[in-house]
Every structure is written in C-alpha cells, then in structure tokens.
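Heads up: the structure comes next, in structure tokens.
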Amino acid sequence: MEGLKDIKGLVEVPDYSLWILLSIVIFVIFFIILIIYLYKNKRRRKKKPTFEQIARKNLKEIDFSNTKNTVYTFSENFQYFINEENKEVFKKLQKELEAYKYKKDIDELPIKLEGNIKELIKEIK
C-alpha cells in the first residue's frame with residue numbers, strides 16, 4: 001500500500017467552446033453579408049444606361065452649327081420624350097425639318113426652328 005499515491009483533487013479546465021462557436025457564427029454571417037454587398041454593387045456598376053438617358057444626353061449635346069446632324073439627332077432622339085403636351089408641336093416641327101433631311105447641300109437652320117428645337121429640349125423632364 002505504500003506504492004500508491006493519493007488521488008489529486010479536481011482541476012478546473014477552462015471551456016472556451018461557446019465563444020469559439022459564437023465567433024465562427026459571427027464570422028460566417030459577416031462573410032455572407034460581405035458577399036451579398038459585393039455582388040449587388042457589381043451589378044449596379046454594370047448597369048447600362050437606358051435609351052432615354054442616352055437620348056437625353058444626345059439632345060443636350062446637339063451641335064447647332066451642323067444643320068443635318070442637328071436635324072437627324074433631334075428627330076431620332078426626341079421620340080423618347082413625346083407626350084400629349086408636345087406631340088402636335090413635334091409633328092409640326094418634323095414637317096418643317098424634313099426640308100433639311102434628304103438633300104445633299106442644305107442651308108443653315110433658321111433661328112426660329114433652332115429656337116423651337118431648343119425650347120422642346122428644355123421642356124424634357
């Protein structure tokens with residue numbers, strides 16, 4: 001019996017398993033949120049401008065010194081902004097502008113027509 005030693009008392013072992021589990025869960029949630037944010041942000045950057053946005057930009061950048069380009073640009077791009085209020089004005093203006101479309105050599109736009117075009121462009125919302 002002299003060879004036997006006494007049993008030692010209980011030793012307290014620290015348990016961090018709950019904190020480790022909570023850390024992993026928080027990390028996974030943060031990682032998922034980060035992936036969703038990056039995916040949505042990437043889709044926003046690739047968003048192409050609409051036809052209306054492109055037409056608005058083209059109308060605002062019309063060079064009135066080039067008559068033929070002005071007439072064609074206005075006719076092609078203003079169609080996206082036709083509504084009940086400006087429909088009749090646009091039709092009348094189109095008829096007046098046809099004289100400048102299909103000829104090789106044309107004169108400059110009269111100031112009245114140029115003013116009408118500018119006024120219609122200003123009314124775009």
Side-chain angles (χ1 to χ4, degrees):
M1 293 295 253
E2 290 192 16
L4 293 177
K5 295 181 181 177
D6 280 342
I7 298 175
K8 290 185 179 179
L10 294 175
V11 177
E12 198 170 306
V13 178
D15 183 21
Y16 299 112
S17 62
L18 178 65
W19 295 109
I20 293 172
L21 177 69
L22 288 175
S23 301
I24 291 172
V25 169
I26 290 172
F27 177 75
V28 169
I29 290 172
F30 176 75
F31 190 71
I32 289 171
I33 290 172
L34 182 69
I35 288 175
I36 291 171
Y37 172 76
L38 291 176
Y39 178 72
K40 284 192 169 193
N41 202 15
K42 184 179 178 183
R43 286 183 59 194
R44 253 189 237 144
R45 275 189 248 146
K46 286 187 173 181
K47 188 177 179 184
K48 292 181 179 178
T50 62
F51 290 119
E52 195 173 295
Q53 290 170 333
I54 294 170
R56 183 183 313 266
K57 182 183 172 206
N58 290 341
L59 286 172
K60 289 186 178 180
E61 294 175 352
I62 286 180
D63 178 21
F64 286 96
S65 62
N66 185 351
T67 305
K68 194 166 245 178
N69 188 26
T70 301
V71 171
Y72 279 109
T73 304
F74 176 74
S75 299
E76 290 173 5
N77 292 300
F78 195 78
Q79 295 176 8
Y80 296 102
F81 304 103
I82 294 175
N83 55 28
E84 293 298 322
E85 296 171 5
N86 60 16
K87 188 176 183 178
E88 293 300 320
V89 177
F90 181 71
K91 279 185 180 178
K92 287 180 185 175
L93 196 57
Q94 279 289 89
K95 286 181 182 174
E96 292 178 33
L97 291 176
E98 281 186 18
Y100 298 94
K101 281 186 173 180
Y102 306 110
K103 295 179 182 174
K104 188 173 183 178
D105 297 320
I106 51 175
D107 299 330
E108 289 187 17
L109 272 177
I111 295 175
K112 181 185 171 194
L113 281 177
E114 190 176 319
N116 289 344
I117 291 172
K118 286 180 180 177
E119 190 173 310
L120 277 177
I121 292 172
K122 279 183 184 177
E123 292 176 1
I124 294 174
K125 295 177 184 176

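Keep in mind it's a predicted model, so treat the numbers as computed, not measured.
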Next item on the list: Flag the pair Phe64 / Phe74 as yes when at least one side-chain heavy-atom distance between them is below 4.5 Å, and no otherwise.
Entry: no
Checklist line | Cluster check Tyr72, Ile62: I/L/V/M/F/W/Y, side chain < 4.5 angstrom | finding: no
Notebook entry, point to check: Is the backbone of Lys103 close enough, under 3.5 Å, to the side chain of Lys68 for a donor and an acceptor to pair up by distance?
Noted result: yes
Margin query: Can you tell whether the side chains of Glu96 and Lys92 come within less than 4.0 Å, N to carboxylate O?
Written below: no
Next item on the list: May I have the step-by-step check of side-chain contact (heavy atoms from CB on, under 4.5 Å) for Glu123 and Leu120, ending in yes or no?
Entry: CA-CA 5 Å; Glu123 292 176 1; Leu120 277 177; 3.9 Å; yes
Notebook entry, point to check: Rounded to the nearest 0.5 Å, how far apart are OH of Tyr80 and CZ of Arg56?
Noted result: 13.0 Å
Check: Mind checking whether Ile121 and Ile82 sit in one hydrophobic cluster, side chains of I, L, V, M, F, W, Y counted as touching below 4.5 Å?
Finding: yes
Notebook entry, point to check: Is the side chain of Tyr100 donor-acceptor paired with the backbone N or O of Asp107 at a distance under 3.5 Å, no angle test?
Noted result: no
Checklist line | side-chain contact (heavy atoms from CB on, under 4.5 Å) between Lys48 and Gln53, worked out | finding: CA-CA 10 Å; Lys48 292 181 179 178; Gln53 290 170 333; over 6 Å; no
Checklist line | Leu113 vs Val71 side-chain heavy atoms within contact, under 4.5 Å | finding: no
Check: Does the side chain of Asn69 come under 3.5 Å of the side chain of Thr73 through a donor N or O and an acceptor N or O?
Finding: yes
Note to self: Rounded to the nearest 0.5 Å, what separates atom CG in Leu93 from atom CG in Asn116?
What the structure shows: 5.5 Å
Margin query: Between Leu18 and Phe27, is there shared hydrophobic-cluster membership here, with clusters defined by ILVMFWY side-chain heavy atoms closer than 4.5 Å?
Written below: no
Item checked: Ala55 to Phe81 - nearest heavy-atom pair and separation -> CB-CE1, 3.9 Å
Next item on the list: Taking all heavy atoms of Thr70 and all of Ile117, pick out the closest pair and write down the distance.
Entry: CG2-CD1, 4.4 Å
Note to self: Checking the side chain of Asn86 only, and the main-chain atoms of Ile124 only, is there a donor and an acceptor separated by less than 3.5 Å?
What the structure shows: no
Check: Linking I/L/V/M/F/W/Y whenever their side-chain heavy atoms sit closer than 4.5 Å, directly or via other members, would Phe31 and Leu22 fall into one cluster?
Finding: no
Check: Under a 4.5 Å side-chain heavy-atom rule over Ile, Leu, Val, Met, Phe, Trp and Tyr, are Phe78 and Val89 clustered together?
Finding: yes
Check: If you count the non-hydrogen atoms of other residues, nucleotides and ligands that lie under 6.0 Å from CD1 in Ile111, is the total more than 12?
Finding: no
Item checked: Gap between atom CG of Leu59 and atom CD1 of Ile54 - 0.5 Å precision -> 12.0 Å
Notebook entry, point to check: In terms of heavy-atom contacts, does NZ of Lys101 have more than 12 from other residues, nucleotides or ligands at under 6.0 Å?
Noted result: yes
Notebook entry, point to check: From Thr67 OG1 over to Leu97 CG, what is the distance, rounded to the nearest 0.5 angstrom?
Noted result: 10.5 Å
Notebook entry, point to check: Just how far is it from atom CD of Glu52 to atom OG1 of Thr50, taken to the nearest 0.5 Å?
Noted result: 5.5 Å
Margin query: For the CD1 atom of Ile24 and the CD1 atom of Ile20, what is their distance to the nearest 0.5 Å?
Written below: 7.0 Å
